Amino acid sequence: MSLLQEEREIIVQNEYADSFDFQEIEEFVKNASKNLFISHNFKNKNKMLVQPRGGFPTYEKQFALNEFFVKANVDVLPLTIDSNTRLNDYAMAKKMLRLSEENEVDMLNGYPLVNHGYRTTRKMITHFDKPVSLRHGTPDARLLIETAIASGIFEIEGGPITYLLPYSKNFPLDKAFLYWKYVERVCANYSKLNEPINRESFGPLTATLVPPCITIVIQLLEMLLSLEEGVKSFSVSFSQTGSVNQDIVTSAVLKKMAKYYAKEIDCEDAQINLVYHQWMGAFPSNKDYSESLINTSTVIAALVKADKIITKTRDEAFGIPTKEANAKTVANTQYTLRILQGLPNIINEQEEEILTQEVKSIMEAVFNDSADTLWRKVFNSIKNGTIDVPFSPHIINNNEVVTVRDKDKNIRIIKRGNLPISDKCFEYEKSKCNLNKDATSIVNDIIHDIGIMQ
């Protein structure tokens with residue numbers, strides 16, 4: 001028995017999980033409908049895929065949500081996991097699930113997949129015969145991913161960096177890398193049986209003034225960590241920054257660099273997709289403005305030719321959106337995409353050149369770290385501030401990089417901390433900003449920007 005299989009046998013021996021029959025699960029994956037694989041949909045659907053967010057605690061409500069989404073012409077169904085499961089607290093998830101079922105009040109903010117089990121959940125997934133995206137925010141997702149794939153969920157979002165630095169304060173980063181290494185290997189192994197299991201990184205990070213060079217570097221590194229374990233379908237992603245120009249530039253550089261670095265490790269045969277998130281920051285309380293913001297996101301997604309768009313709703317400012325609000329956004333986004341045909345390619349050579357140089361400088365510094373494996377190089381690079389995510393709550397993050405918006409809404413770096421970008425690039429970034437203000441005014445600008453869409 002391999003070390004991986006030995007580890008799997010231990011992980012699935014959990015009192016709150018189904019008893020796993022790996023032979024039966026392999027037969028299920030081998031014979032599963034290709035419609036359940038988003039990698040198959042990426043290859044064969046000649047359109048941008050539309051996916052909302054959503055997750056309810058009880059089976060009945062999750063089933064009803066999916067029915068609503070299918071009627072709204074959704075391309076990819078979501079399965080958002082509850083926060084107790086994200087923390088691997090299956091005992092509390094079980095208790096809250098029971099209360100939700102008995103009182104018809106949602107005591108969880110998502111679907112407790114491990115507690116429902118793969119045998120039950122598979123009935124729902126195969127009933128709708130559409131790809132499902134697992135969204136969870138879990139640093140140790142080993143049992144969750146085993147349960148998901150056994151259920152028929154063949155797209156797994158997250159990664160050791162993107163599901164840790166924005167969400168966690170104390171979870172050990174080195175453990176996150178090792179746990180996600182397990183996830184990649186499981187996804188790679190199941191991919192050999194049918195269509196590839198797709199892995200998707202979470203590009204929005206903290207969704208607050210993250211400069212494009214940091215977003216792109218983290219996307220590239222999570223992609224490389226995944227591909228080196230054998231994953232053959234990977235989605236890089238980012239969210240609307242607030243600048244149309246910067247989104248177009250970010251997309252161009254991200255796609256170019258992803259192909260370049262995949263080839264560098266002899267993985268050019270892997271399918272690389274681009275996912276675009278509608279606005280992830282604070283939403284306006286005026287619902288008409290929210291709809292305008294969402295439509296703008298859809299236009300940008302069409303301009304950058306994303307393979308998939310993940311939607312938000314006009315109710316974001318008021319709590320968890322209803323299924324009706326989610327379905328409305330799906331229908332509106334599908335309509336907007338249908339009328340956005342034949343858009344021109346927009347190129348900003350100077351901005352692309354500066355951003356490419358920044359990305360290459362940081363990637364080179366990561367690769368030059370003296371550690372013997374990629375994940376250790378990345379770990380060290382986060383620890384010493386070579387990679388620094390603004391507004392991350394995690395104690396290991398350097399939090400020395402300061403960013404503001406220029407007059408055209410582009411996010412610019414005005415304090416680089418330990419980011420290894422060249423003086424030329426740094427001076428270019430600062431030259432776009434009005435830095436003649438006092439420090440208090442700049443801080444006030446940053447605080448105001450966090451609510452820029454208000």
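We number each residue from 1, following the sequence as shown. Everything numeric in this text was worked out from a predicted model, so none of it was measured.
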Might you confirm whether atom [atom1] of [X] has over 12 heavy atoms from other residues, nucleotides or ligands at distances under 6.0 Å?
X: Glu104; atom1: CD; result: no
X: Lys47; atom1: NZ; result: yes
X: Tyr335; atom1: OH; result: no
X: Lys61; atom1: NZ; result: yes
X: Lys169; atom1: NZ; result: no
X: Arg98; atom1: CZ; result: no
X: Arg122; atom1: CZ; result: yes

Donor-acceptor side-chain pairing of [X] and [Y] below 3.5 angstrom:
X: Asp388; Y: Asn399; result: no
X: Asn35; Y: Asp129; result: yes
X: Glu200; Y: Ser133; result: no
X: Thr329; Y: Asn326; result: no
X: Lys305; Y: Asn345; result: yes
X: Asn410; Y: Lys432; result: no
X: Glu184; Y: Ser226; result: yes
X: Asp408; Y: Gln246; result: no
X: His40; Y: Asn44; result: yes
X: Lys312; Y: Gln240; result: no
X: Thr311; Y: Gln278; result: no
X: Tyr167; Y: Thr162; result: no
X: Lys43; Y: Gln271; result: no

* Between Val76 and Asn41, is a side chain to side chain contact (heavy atoms under 4.5 Å, CB included) present by the stated rule, with each step listed? -> CA-CA 9 Å; Val76 185; Asn41 284 263; over 6 Å; no
Where the side chain of [X] meets the backbone of [Y], is there a donor-acceptor pair that is under 3.5 Å apart?
X: Asn194; Y: Ala32; answer: yes
X: Asn115; Y: Ala93; answer: no
X: Arg199; Y: Ile156; answer: yes
X: Gln341; Y: Leu337; answer: yes
X: Lys255; Y: Ile272; answer: no
X: Ser201; Y: Gly203; answer: no

Please give me the minimum heavy-atom distance between [X] and [Y], naming the atom from each residue.
X: Tyr118; Y: Asp21; answer: OH-N, 3.3 Å
X: Ile81; Y: Arg86; answer: O-NH2, 2.7 Å
X: Ser251; Y: Val304; answer: OG-CB, 3.3 Å
X: Pro393; Y: Leu165; answer: CD-O, 3.0 Å
X: Val186; Y: Arg8; answer: CG2-NE, 4.3 Å
X: Ser151; Y: Gly117; answer: OG-O, 4.5 Å

* Stepwise side chain to side chain donor-acceptor pair (under 3.5 Å) check, Asn348 with Asn245 -> CA-CA 8 Å; Asn348 186 325; Asn245 176 63; 3.2 Å; yes
Just how far is it from atom [atom1] of [X] to atom [atom2] of [Y], taken to the nearest 0.5 Å?
X: Leu99; Y: Met96; atom1: CG; atom2: CE; result: 5.0 Å
X: Leu173; Y: Leu164; atom1: CG; atom2: CG; result: 5.5 Å
X: Asn88; Y: Asn14; atom1: CG; atom2: CG; result: 9.0 Å
X: Ser297; Y: Asp247; atom1: OG; atom2: CG; result: 8.5 Å
X: Asn84; Y: Lys95; atom1: CG; atom2: NZ; result: 10.5 Å
X: Asp18; Y: Thr120; atom1: CG; atom2: OG1; result: 6.5 Å

For [X] and [Y], take the angle between the two ring planes, folded into 0 to 90°, and tell me which bin it lands in: parallel under 30, tilted 30 to 60, perpendicular over 60.
X: Phe379; Y: Phe177; answer: perpendicular
X: Phe238; Y: Tyr276; answer: perpendicular
X: Phe154; Y: Phe37; answer: parallel

Taking the side chain as C-beta and beyond, is there a heavy-atom pair between [X] and [Y] under 4.5 Å?
X: Ile310; Y: Pro52; result: no
X: Trp279; Y: Glu316; result: no
X: Phe56; Y: Asp106; result: yes
X: Phe391; Y: Ile446; result: yes
X: Phe69; Y: Asp75; result: no
X: Phe42; Y: Asn198; result: yes
X: Pro160; Y: Glu222; result: yes
X: Trp180; Y: Trp375; result: no

* Hey, mind stepping through Asp288 and Arg314 against salt bridge (charged side-chain N to carboxylate O under 4.0 Å, His left out) and telling me if it holds? -> CA-CA 8 Å; Asp288 293 334; Arg314 70 199 304 262; 3.8 Å; yes
Under 6.0 Å between the ring centres of [X] and [Y]?
X: His136; Y: Tyr163; answer: yes
X: Tyr289; Y: Phe283; answer: no
X: Phe202; Y: His277; answer: yes

* Give the intermediate values and the outcome of side chain to side chain contact (heavy atoms under 4.5 Å, CB included) for residues Glu351 and Leu355. => CA-CA 6 Å; Glu351 289 284 344; Leu355 183 54; over 6 Å; no
* Asked: Checking Arg142 against Tyr179: charged group under 6.0 Å from the ring centre and within 45 degrees of the axis?
  -> yes
* Within 45° cone of Tyr16 ring axis and under 6.0 Å: Lys94 NZ or CZ -> no
* To do: Output, in order, the C-alpha distance, side-chain angles, deciding distance and verdict of side chain to side chain contact (heavy atoms under 4.5 Å, CB included) for Asp89 and Thr85.
  => CA-CA 5 Å; Asp89 187 353; Thr85 300; over 6 Å; no
